[in-house]
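Chain letters run A, B, ... following the sequence lines, proteins first, then strands; residues in each count from 1.
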Number of protein chains: 2
Amino acid sequence: MDQGAARDQVLDAAEELFYGRGIQAVGMDDIRSLSGVSLKRLYQLFATKDRLVEAYLERRDLSWRRRLAEHVETCADPEGRIIAVFDWLERWFAEPGFRGCAWINSFGELGATSATVATQARLHKLAFRRYLEGLTADAGLSRELAGQLLLLAEGAMVTAGILGVTGTAAQARAAARLLLESAARARPTSPAE
Amino acid sequence: MDQGAARDQVLDAAEELFYGRGIQAVGMDDIRSLSGVSLKRLYQLFATKDRLVEAYLERRDLSWRRRLAEHVETCADPEGRIIAVFDWLERWFAEPGFRGCAWINSFGELGATSATVATQARLHKLAFRRYLEGLTADAGLSRELAGQLLLLAEGAMVTAGILGVTGTAAQARAAARLLLESAARARPTSPAE
DNA sequence: CCGTCCGGAGAACGAGCGTTCTCCCTTACC
DNA sequence: GGTAAGGGAGAACGCTCGTTCTCCGGACGG
């Protein structure tokens with residue numbers, strides 16, 4: 001087995017276990033068992049558990065944002081793209097094994113004691129906010145709206161994780177529609193539209 | 001020192017440490033050092049760490065909801081009371097040592113492995129949702145609105161915890177006002193008001 | 001066929017921690 | 001004053017886990 005394949009298998013196992021059980025609840029032995037990569041190789045690839053956690057969060061950040069963007073791309077209308085974010089959330093929440101947002105969970109677990117985790121969580125949320133700001137800008141809408149949509153999306157992730165998935169994304173989407181309409185009425189660039 | 005005072009001191013220490021650092025990062029020795037209550041007494045009061053965690057979350061749930069309700073009570077207008085929730089969030093976020101929502105953080109840390117923590121988090125969020133539903137009902141507004149406000153409040157807590165406090169509560173309040181106006185326009189009980 | 005190197009399996013080590021135990025001191029009662 | 005009960009300090013125990021080490025087998029070069 002070559003280096004790259006082993007790395008992928010380790011990160012696959014890490015993602016499944018860290019996301020599903022929490023970071024501290026998963027030992028390096030668990031990663032080894034699930035990935036089939038020996039401890040020696042594991043430590044050649046990632047010198048410490050902390051590095052592995054960092055790599056897990058980084059890779060998941062890229063794939064999470066890519067998946068979101070790919071879904072949003074399927075919609076051409078700038079305002080529809082904003083709503084599409086919440087459609088995608090609904091789809092994500094319904095995936096088997098959904099257990100809330102990996103960064104919110106990691107931050108709750110280790111934000112106070114691990115600079116790595118705190119930084120990764122901040123970077124991810126900043127990137128998500130920037131993405132929403134891009135969407136609202138493309139629709140000629142304010143950055144304020146993006147901030148409000150961020151709150152709705154974060155609230156939906158948390159609530160779906162803790163209280164369960166039923167209806168949460170739809171609620172968030174309905175609220176997003178209202179905020180979007182309200183912002184469109186006051187749209188700075190084309191108020192008459 | 002009598003039993004009750006020792007219990008209070010232990011719970012005070014537990015709250016400060018568990019909330020500030022996370023549950024797994026705090027040992028029973030840390031609780032003992034900060035509270036000044038010996039290990040023997042500590043285990044007489046709480047048979048296991050799990051019980052202590054449960055008591056911490058229960059007591060904090062009561063005081064958190066009491067503090068919120070006390071602030072909301074100061075406002076007589078039913079719609080003003082709804083907005084007052086977000087005023088109180090702003091005040092809470094600004095407290096020194098604010099580190100997000102204790103239940104969201106605990107759930108992220110232990111929701112997957114501890115039934116105690118998962119249950120406490122669900123109970124707390126259910127109680128908060130019920131409270132918001134009471135406020136919207138008092139204003140003659142729909143339960144749907146309460147669900148949307150819950151998402152905003154949860155999103156604000158998470159975002160304030162991870163990205164920092166600046167402006168988050170004000171954003172949430174602005175969004176809440178818009179949703180409230182929109183719901184008031186469609187108010188089922190007194191649509192003309 | 002023999003030696004050498006690489007990687008795997010898992011034992012070993014050391015630290016941290018939940019929980020219990022030991023020892024000693026204080027206090028209260030006869 | 002003697003004694004028993006209770007509580008405090010902290011050592012001890014057993015377990016988990018991150019990390020490293022040891023040993024062995026198998027592949028490859030001479």
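- A:L126 and B:I162 fall within the same hydrophobic cluster, defined by Ile, Leu, Val, Met, Phe, Trp and Tyr side-chain heavy atoms under 4.5 Å apart, directly or through other members.
- Paired with B:W64 under the rule ring pair (Phe, Tyr, Trp, His ring centres under 6.0 Å), one option of B:W88, B:Y56, B:Y19 passes, and it is B:W88.
- Between B:W92 and B:F98, the ring planes lie perpendicular to each other; the angle is over 60°, past the 30° to 60° tilted range.
- Counting heavy atoms from C-beta on, the side chains of B:L149 and B:V85 never come closer than 4.5 Å.
- Relative to the axis of its first five pairs, the axis of the last five pairs of the helix from C:dC1-D:dG30 to C:dC30-D:dG1 sits at 20°, rounded to 10 degrees.
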Provide a list of protein-nucleic acid N or O atom pairs under 3.5 angstrom, restricted to nucleotides 10-15 of chain D.
unit_1 : atom_1 : unit_2 : atom_2 : d
D:dG10 : N7     : B:R32  : NH1    : 3.2

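- Summarising the geometry of A:L68 relative to A:F128, their closest heavy-atom pair is CD2-CE1, 3.7 Å, with the distance given to 0.1 Å.
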Give the C-alpha distance, both sets of side-chain angles, the deciding distance and a yes or no for salt bridge (Lys or Arg N to Asp or Glu O under 4.0 Å) between A:E70 and A:R66. CA-CA 6 Å; A:E70 278 172 9; A:R66 183 179 40 71; 3.5 Å; yes
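- A straight line from CG of A:D29 to P of D:dT19 spans 12 Å, rounded to a whole angstrom.
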List, one per line, each side-chain donor-acceptor pair under 3.5 Å for residues 110-118 of chain A, sequence neighbours excluded.
unit_1 : atom_1 : unit_2 : atom_2 : d
A:S114 : OG     : A:T116 : N      : 3.4
A:S114 : OG     : A:V117 : N      : 3.1
A:T116 : OG1    : A:D50  : OD2    : 2.8

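- When the P atom of D:dC17 is taken as reference, atom CG of A:L17 falls 12 Å away, rounded to whole Å.
- Residues of residues 42-58 of chain A that place a heavy atom closer than 4.0 Å to DNA chain D, in numerical order, are A:Y43, A:T48, A:K49.
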Which is it for A:L180 and A:R177 under the side-chain contact (heavy atoms from CB on, under 4.5 Å) test, yes or no, and what are the steps along the way? CA-CA 5 Å; A:L180 182 63; A:R177 279 217 179 86; 5.5 Å; no
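- Partners of B:K49 under the salt bridge (Lys or Arg N to Asp or Glu O under 4.0 Å) rule, at least two apart in sequence or in another chain, do not exist in this structure.
- Of all non-hydrogen atoms in B:G22 and B:R99, the two that sit nearest each other are N-NH2, 3.9 Å.
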Taking N or O atoms only and anything under 3.5 Å, show me the protein contacts with nucleotides 13-16 of chain C, one pair per line.
none

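- Going from atom CZ of A:R41 over to atom P of C:dC6 covers 13 Å, rounded to whole Å.
- Under the 4.5 Å side-chain heavy-atom criterion for ILVMFWY residues, no single connected hydrophobic cluster contains both B:L45 and B:L62.
- The heavy-atom pair separating B:Y131 from B:A69 by the smallest distance is OH-CA, 3.5 Å.
- Shortest non-hydrogen contact noted between B:L39 and B:M28 is CD2-O, 4.1 Å.
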